[in-house]
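Each remark here refers to the structure printed beneath this line.
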Amino acid sequence: MLSLAWTFLKVGLLFFGGGYVLLPLLQHLLVEQYQWLTLQEFLDGVAISQLTPGPLAILATFAGVRIGGFSGGLVATICVFLPCVVLMLLVGRWYDRLKEINLIRATLDGVLPAVVGLVASAAWSLGSTLAGVQQWLLLVGAFVVFRYTKVNPMLMILGAGLLGMLV
Amino acid sequence: MAQISEHKYPHVSLWQIFTLFFTIGITGFGGGMAIVALTERLVVREKQWVTSEEFLHGLAFGQILGPFSLNTCTFVGYRLRGVSGGVLAAVGFMLPSFLIVSLLAWLYLRFQHLHLLKKALSATNPVVIALICAVVLDMGKKQVRGLNGLLLALAAFAAVALFKLNVALVLVAGLVWALASALWQREH
């Protein structure tokens with residue numbers, strides 16, 4: 001349970017530039033390094049965490065429950081969000097005095113292209129779970145819908161789930 | 001505490017903070033920005049707990065520090081009632097999602113081998129990957145500017161996808177690189 005807490009605390013410290021950077025990070029740690037989850041379970045976990053209003057990092061809850069039951073989920077969730085909550089409390093406190101803000105902003109903006117590359121690498125390795133023409137067609141179709149409409153991802157995932165049950 | 005505007009903070013009880021952000025955590029579907037819009041409506045326009053300017057500053061910092069929907073809630077809670085306000089706002093906002101995911105994860109692990117669930121998830125997987133691809137393209141268009149940006153993105157992708165390097169390591173290396181070029185640009 002301690003290594004679980006430490007792992008998610010590390011992840012929590014590293015996620016800036018949007019929740020999506022969490023995908024390659026968690027995938028690497030949970031699937032490849034510690035092998036707590038299979039790639040398939042990881043992908044199912046992403047689908048489940050997209051069904052809530054919480055940020056994508058709520059994926060940590062799913063992973064925690066998988067590893068250590070309800071208490072595992074609780075520990076993982078607290079650890080993954082603790083760094084950003086603490087930092088945000090400090091921001092609230094030093095709100096008027098953050099002078100070096102331009103440098104911080106420039107640095108974080110500068111790293112964003114790397115974040116894009118990392119998220120792309122997550123899509124790349126998750127793609128290896130796909131099998132059969134049907135799944136690839138579904139991927140292309142869903143991509144077009146996401147690209148050209150503002151449809152809610154949650155509805156798309158629920159719809160796909162229903163479709164899968166019926167076919 | 002020095003305030004940037006003459007906005008008087010209304011007295012808001014910790015319970016009010018918790019219940020408001022809990023409600024946002026239940027009803028705020030539609031992704032990060034939709035939640036921020038809902039929060040803004042409630043705490044700035046309706047209840048006038050914080051000014052619009054302060055809210056936007058909180059959002060800007062929140063975007064730097066990761067999950068900005070959560071961060072904005074923490075920020076507003078802190079401005080109203082200090083650390084306990086900030087923590088309660090964060091917990092209130094996350095609690096519904098935490099409970100939903102815990103329940104679904106439990107169901108998933110219990111019924112993982114159920115035929116119907118397997119079929120449903122085999123259809124959601126491509127959709128999830130498509131969503132990630134769409135995000136990559138969207139982020140790429142906004143964030144990858146110029147040849148330097150493109151090279152950095154490709155290098156990060158190749159480092160992880162092809163050379164199997166540690167993701168956290170690549171991210172830290174990217175940060176060091178970005179800080180160095182930010183400092184360079186400031187000096188020149």
Side-chain angles (χ1 to χ4, degrees), chain A residues 14-16 19-20 24-25 28 43-44 46-49 52-55 57-58 61-62 65 70 73 77 84-85 87-89 91-92 96 103 106-108 110-114 116-121 123-124 126-127 135 138-139 142-143 146-147 152-154 156-157 160-161 163-165, chain B residues 2 4 25 28-30 35 61 64-67 69-71 74-75 78-79 83 86 90 94 97-98 100-102 104-105 109 116 119-136 139-140 143-144 149 152-153 156-157 160-161 167-168 171 174-175 178-179 181-182:
Chain A
L14 272 172
F15 83 92
F16 31 74
Y20 280 92
L25 270 175
H28 179 81
L43 205 46
D44 295 340
V46 178
I48 285 173
S49 44
T52 70
I58 197 81
T61 311
F62 175 85
V65 171
F70 181 78
T77 311
C84 68
V85 169
L87 285 171
M88 230 25 226
L89 293 175
V91 164
D96 311 310
L103 187 65
T107 304
L108 292 165
V111 80
L112 285 176
V116 175
L118 290 176
V119 177
S121 75
W124 173 269
L126 289 174
Q135 286 204 316
L138 204 54
L139 186 145
F143 179 79
F146 283 131
R147 192 79 197 88
N152 188 334
M154 190 179 65
M156 284 284 287
I157 290 171
L163 188 78
M165 283 193 221
Chain B
I4 52 159
F29 288 100
I35 293 167
F61 282 110
I64 295 177
L65 297 175
S69 53
L70 168 65
N71 288 344
T74 313
F75 182 80
Y78 179 87
R79 297 308 280 180
V83 172
M94 290 307 301
S97 298
F98 169 73
I100 295 170
V101 172
S102 296
L104 289 177
L109 294 168
L116 206 60
K119 274 171 73 175
L121 287 170
S122 76
T124 60
N125 285 343
V127 176
V128 170
I129 298 173
L131 174 65
I132 299 171
C133 292
V135 167
V136 167
M139 279 174 79
Q143 312 294 358
V144 183
L152 186 59
F157 175 79
V160 175
V167 177
L171 195 56
L175 264 178
L179 177 65
S181 49

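Protein chains get the first letters and strands the later ones, always in sequence-line order, with residue 1 at the start of each.
- Remark: side-chain polar atoms of B/S97 are paired, donor with acceptor, to backbone N or O of A/G54 under 3.5 angstrom.
- Contact count versus chain A (heavy atoms, under 4.5 Å) is highest, among B/G140, B/A153, B/G174, for B/A153.
- Taking the six-membered ring for Trp and the full ring otherwise, the centers of A/F70 and B/F98 sit less than 6.0 Å from each other.
- For B/V135, the part lying near chain A is the side chain, with the backbone staying farther off; criterion is any non-hydrogen pair under 4.5 Å.
- Annotation: maximal heavy-atom pairing with chain A below 4.5 Å, among B/S181, B/G86, B/A182, B/A90, occurs at B/A182.
- When the candidates A/A120, A/S49, A/A47 are compared by the number of heavy-atom contacts under 4.5 Å with chain B, A/A120 comes out ahead.
- Nearest approach of A/A114 to B/A156, heavy atoms of both residues: O-CB, 3.4 Å.
- When every heavy atom of A/S121 is checked against every heavy atom of B/V160, the shortest pair comes out as OG-CG1, 3.4 Å.
- Between atom CG of residue B/L104 and atom CZ of residue A/F62 there is a gap of 9.5 Å, rounded to the nearest 0.5 Å.
- Interface remark: B/L109 contributes side-chain atoms only to the contact with chain A (heavy atom separation under 4.5 Å).
- Top candidate by heavy-atom pairs under 4.5 Å with chain B, chosen from A/L126, A/L118, A/V85, is A/L118.
- The parts of B/T124 that come within reach of chain A are both its backbone and its side chain, each placing non-hydrogen atoms under 4.5 angstrom from that chain.
- Paired with B/V101 under the rule side-chain contact (heavy atoms from CB on, under 4.5 Å), one option of A/V65, A/T77, A/T61 passes, and it is A/T61.
- Closest approach of A/I58 to B/M94, counting heavy atoms only: CD1-CE, 3.5 Å.
- Considering CG of B/L121 and CE of A/M165, their distance stands at 8.0 Å, rounded to 0.5 Å.
- The two atoms that bring A/F146 and B/A134 nearest to each other are CB-CB, 3.7 Å, heavy atoms only.
- What you find for A/L89 and B/T74 is that their closest heavy atoms are CD2-CG2, 3.8 Å.
- Of the listed residues (B/I132, B/V127, B/V144), the greatest number of heavy-atom pairs within a distance under 4.5 Å of chain A belongs to B/V127.
- The nearest pair of heavy atoms linking A/G164 to B/A123 is CA-CB, 3.6 Å.
- Distance CG/A/L43 to CG/B/N125: 4.0 Å, rounded to 0.5 Å.
- At a 4.5 Å heavy-atom cutoff, the contact between B/V128 and chain A is made by side-chain atoms alone.
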